[in-house]
Amino acid sequence: MTRRAAITGYPVTHSRSPLVHGYWLKLHGIDGTYERMGVPPESAEAFYRDFAASGLVGCNVTVPNKEIAARVCDDLDEAAKAMGAANTLWLDGAGRLCGANTDGIGFLGNLDQMAPGWDENPGAALVLGAGGASRAIVWALLSRGITPVYIANRTEQKAKDLAARFEGDSKALSWDNIGTMLENVSLLVNTTSLGMEGQPPLEIDLDPLPTDALVTDIVYAPLETPLLAAARARGNKVVDGLGMLLHQAVPGFERWFGVKPRVTEELRRLVLADLGIAP
Ligand code: ATR
């Protein structure tokens, strides 16, 4: 029987998930489909609660439904619990609705693939931004044993609120103090929208940053953001944000279709071409 999975949310028209899962289904010769299903927030609770009725074996959840999905799940993994948001759902053998949040796993998977050994002698990390993506990344870094994790955000209170969720393992920093903290960090992560096409660049002076620090950006359009270009030019290792998007899809595919897929160069090229981004 054909196994069906889908991206659910509202809207889902721009999601690249069907392309990614479609590539893996074809590559592995699996009798399965991955569809787009628009689920408006008003009907989200009923949809996820009565999940089996939709004929899906599982689904991804995107905005604005991730928090609603987490609420209706019978079981959540540690990340989804910490986030209060789920992006990957499935039914277990007893028919219980299970949810995971794979954004943090995607972030770590990308660094593991592109900068192997990055976590072997970790120093402090500095995460710029305090939105939803930052929350997943701070959680992921702490779960990997990286400490301390500093969070700097334009609106400082949001950095403080986020740091408070992690009880002492992460610390908030004012945006003006980024420069003085840089010399102490071995990992710099941009989770703000600065540097994205159509947005102003993230302008920070990287001079104090050790040249063996790793710099990564969750923005992937353009693939090399001004931050990554500046870091690379001074000798830092850099990792772009596309891999996070691809790696966060791995756990769902494995769960629904029984094969752990790989993030290959071919898949990266396929998604870049679809996004119209120069490799
Ligand atoms: P996401 O879910 O992708 O993290 P978000 O929740 O909208 O998106 O968060 C966007 C982040 O980019 C926030 O940290 C935001 O800072 P504020 O909390 O101060 O709004 C940050 N950001 C957006 N524009 C910015 C700018 N011009 N300068 C600095 N930070 C900016």
Side-chain angles (χ1 to χ4, degrees), residues 7-12 14-17 41 60-70 79-80 82-88 100-108 110-111 125-142 149-166 170-182 185 187-206 215-223 225-228 230-231 239-249 275 277:
I7 173 74
T8 66
Y10 203 74
V12 286
H14 297 295
S15 170
R16 259 63 196 191
S17 295
N60 285 125
V61 184
T62 188
V63 283
N65 294 346
K66 292 185 191 187
E67 285 80 13
I68 301 172
M83 253 33 39
N87 69 352
T88 303
N101 191 308
T102 66
D103 288 335
I105 294 169
F107 174 79
L108 296 175
N110 187 30
L111 293 192
L126 172 55
V127 176
L128 307 178
S134 172
R135 190 170 48 166
I137 287 169
V138 172
W139 179 87
L141 289 171
L142 293 172
V149 176
Y150 296 103
I151 307 166
N153 194 50
R154 175 180 59 177
T155 312
E156 194 176 349
Q157 190 56 44
K158 279 170 69 184
K160 286 184 176 160
D161 293 346
L162 183 54
R165 293 173 73 102
F166 298 103
S170 69
K171 297 179 173 61
L173 202 71
S174 82
W175 193 255
D176 294 336
N177 283 336
I178 292 173
T180 50
M181 184 51 75
L182 278 181
V185 306
L187 174 65
L188 176 65
V189 187
N190 176 44
T191 77
T192 74
S193 44
L194 295 173
M196 194 185 290
E197 267 164 24
Q199 298 286 325
L202 172 61
E203 291 192 41
I204 53 174
D205 177 5
L206 292 178
V215 181
T216 185
D217 203 321
I218 68 158
V219 171
Y220 54 83
L223 203 53
T225 58
L227 171 71
L228 294 186
V239 176
D240 67 60
L242 182 64
M244 178 175 171
L245 177 80
L246 304 178
H247 279 275
Q248 64 79 30
L275 290 163
I277 299 170

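We count ligands from 1, going down the list as the structure has it; atoms in each ligand are counted the same way.
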(request) May I ask you to decide whether D103 forms a salt bridge with K66, counting only side-chain N to carboxylate O separations under 4.0 Å? (result) yes

(message) Please report whether atom 8 (O) of ligand 1 has a protein non-hydrogen atom at a separation of less than 4.0 Å.
(response) no

(message) Please report whether atom 24 (N) of ligand 1 has a protein non-hydrogen atom at a separation of less than 4.0 Å.
(response) yes

Which protein non-hydrogen atom lies closest to [atom], naming both residue and atom, and how far is it?
| atom | result |
| --- | --- |
| atom 28 (N) of ligand 1 | L194 CD1, 3.3 Å |
| atom 21 (C) of ligand 1 | T192 CB, 3.7 Å |
| atom 26 (C) of ligand 1 | R154 NH1, 3.2 Å |
| atom 19 (O) of ligand 1 | T155 OG1, 2.5 Å |
| atom 2 (O) of ligand 1 | G132 N, 3.3 Å |

(message) Can you confirm whether the side chains of T102 and N87 place a donor and an acceptor under 3.5 Å from each other?
(response) yes

(message) Testing the basics here: between A86 and V61, what is the closest heavy-atom pair and its distance to 0.1 Å?
(response)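 Residues A86 and V61, closest heavy atoms: O-CB, 3.6 Å.
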
(request) Identify the heavy atoms of G129 and N153 that sit nearest to each other, and give their distance. (result)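 Closest approach of G129 to N153, heavy atoms only: CA-OD1, 3.3 Å.
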
(request) May I ask you to list the atoms of ligand 1 that are less than 4.0 angstrom from any heavy atom of G129? (result) 14 (O)

(message) Could you measure the distance from the CH2 atom of W175 to the CD atom of E156? Nearest 0.5 Å is fine.
(response)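 Those atoms lie 11.5 Å apart.
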
(request) Give a yes or no answer on whether the side chain of N101 reaches the backbone of A85 with a donor-acceptor pair at less than 3.5 Å. (result)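 Answer holds: yes.
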
(message) On a heavy-atom basis, I'd like to know which of A133, A152, G131 is closest to atom 5 (P) of ligand 1.
(response)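 Minimum heavy-atom distance to atom 5 (P) of ligand 1 goes to G131.
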
(message) Using a 4.0 Å heavy-atom cut-off, which part of I218 comes near ligand 1: side chain, backbone, both, or neither?
(response)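 Neither part.
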
(request) Under 4.0 Å, heavy atoms only, figure out whether ligand 1 is touched by the backbone of N153, its side chain, both or neither. (result)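 The part of N153 near ligand 1 is the side chain, not the backbone.
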
(message) side-chain hydrogen bond (donor to acceptor under 3.5 Å, both in side chains) for S17 and N60? Distances and angles first, verdict last.
(response) CA-CA 9 Å; S17 295; N60 285 125; 4.6 Å; no

(request) Starting from the C-alpha separation in whole Å, work towards a yes-or-no answer on side-chain hydrogen bond (donor to acceptor under 3.5 Å, both in side chains) for S174 and D176. (result) CA-CA 5 Å; S174 82; D176 294 336; 4.9 Å; no

(message) Please check whether K158 reaches ligand 1 - meaning an N/O of the residue sits under 3.5 Å from an N/O of the ligand, judged on distance alone.
(response)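 K158 vs ligand 1: N/O contact under 3.5 Å present.
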
